[in-house]
Amino acid sequence: MKIASFNINGIKARVGALTDWLKEAEPDVAILQEIKSMDENFPREIFEDMGYNVETHGQKSFNGVALLSKLPLEDVTRGLAGAEGNGRDGGDDEEARYIEATVVGDKGAIRICGLYLPNGNPVDLDSTGQPVPGSKYDYKLKWFDRLTARAQELLAEEQPFLMAGDYNLIPQPEDAKRPEAWKDDALFRLESRTKFRRLTALGLYDALRLRNSAPETFTFWDYQAGAFQKNDGIRIDHFLLSPQAADLLTDCQIDAHVRAKDKPSDHVPIWVDLDL
DNA sequence: ATGGTAGTCCAACTA
């Protein structure tokens, strides 16, 4: 079973690039981020005509996640528990960033968690260096805590699951062409990386690093300053696998060539193949 | 320090 994640940066602008890649890559499941569309405006028929079931969790203009699957999407849930009602998440995930569903393959089921973790910039700190409550950076760090809580719940079930998407997080210096340029950025600051490390330390596996130790392996290149041509990128789109899912992993790849096509997203797809 | 690009949807925000 081939499961892919792709931050498409706007479905309206990406219908062509997305359908081209789907035809070429033929994933069984595609986890999408930044659809930037309300549910009723998502062009679901285009993907249904390609044989995909479609579940969206959208909002107007910003964020928004979706699942496309050739197999039925069961027990779909939208939003991540634990919102605080701090005005930014409205107490119930005002920002559409999370969706879950179960897919059943020939050899068993897997719970698929699709996420678009907050960017977190600008980093807003008080005089003691603590993130300002209610700031974007604070929201990012708290969102990590909520995701970690959900991972703990799922790990207790001891079943295959994965959490995939745009984590807006550079795990290590080798995951950026120019790590020094990111040292004070919410994508690389120590508080953010500590949260990511705490999540993986529960016992989740970074699928790419189970299969690939090649240098300069990135999933995002800024549109500006010819970043892709210089391979001035970062690795921020990740598949984290539960132990039971990691046991099924047969491959993990990044489709970097997609970034060189017409009207590309600034992210490229990353996918895993599981023996399911 | 600014502006460089892109998407959404026409003002400004997000990345």
Touch class at under 4.0 angstrom, heavy-atom based, for F228(A) against every strand present: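 Nothing: the residue F228(A), judged by heavy atoms under 4.0 Å, touches no strand.
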
Cationic tip of R198(A) above F144(A) ring, under 6.0 Å, 45° of axis: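 Here R198(A) fails the 6.0 Å and 45° test against F144(A).
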
Partner residues of S61(A) under the side chain to side chain contact (heavy atoms under 4.5 Å, CB included) criterion, sequence neighbours left out: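 S61(A) satisfies side chain to side chain contact (heavy atoms under 4.5 Å, CB included) with no other residue.
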
[atom1] of [X] versus [atom2] of [N]: gap in Å, rounded?
X: D262(A); N: dT5(B); atom1: CG; atom2: P; answer: 17 Å
X: D222(A); N: dA6(B); atom1: CG; atom2: C1'; answer: 9 Å
X: D266(A); N: dT14(B); atom1: CG; atom2: P; answer: 16 Å
X: D232(A); N: dT5(B); atom1: CG; atom2: C1'; answer: 14 Å
X: K140(A); N: dT14(B); atom1: NZ; atom2: P; answer: 15 Å
X: F42(A); N: dG7(B); atom1: CZ; atom2: P; answer: 16 Å
X: I236(A); N: dT14(B); atom1: CD1; atom2: C1'; answer: 14 Å
X: Q33(A); N: dA15(B); atom1: CD; atom2: P; answer: 14 Å

Sugar-phosphate or base contact per nucleotide [nucleotides 8-13 of chain B; S, B, -; heavy atom under 4.0 Å]: SS---B

Under the salt bridge (Lys or Arg N to Asp or Glu O under 4.0 Å) test, which residues partner [X], sequence neighbours left out?
X: R211(A); value: none
X: K177(A); value: E216(A)
X: E74(A); value: none

Contacts of [X] that satisfy ring pair (Phe, Tyr, Trp, His ring centres under 6.0 Å) - sequence neighbours left out:
X: F228(A); value: W221(A)
X: F42(A); value: F47(A)
X: H57(A); value: none

DNA chain B contacts made by residues 254-261 of chain A, counting heavy atoms under 4.0 Å: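 Correct list: empty, so none.
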
DNA chain B: 5'-proximal contact among R97(A) and P264(A) (nearest heavy atom):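 Its nearest nucleotide lies further toward 5', so the answer is P264(A).
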
Per Q224(A) side chain, nearest of listed nucleotides dG4(B), dA6(B), dA15(B):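 Taking heavy atoms from C-beta onward, the closest nucleotide is dG4(B).
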
E95(A) and Y116(A): side chain donor to acceptor below 3.5 Å: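 No, no side-chain donor-acceptor pair sits under 3.5 Å.
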
How far does the [atom1] atom of [N] sit from the matching atom of [M], given to the nearest Å?
N: dT5(B); M: dC9(B); atom1: P; result: 22 Å
N: dA15(B); M: dG3(B); atom1: C1'; result: 15 Å
N: dA6(B); M: dT2(B); atom1: P; result: 23 Å

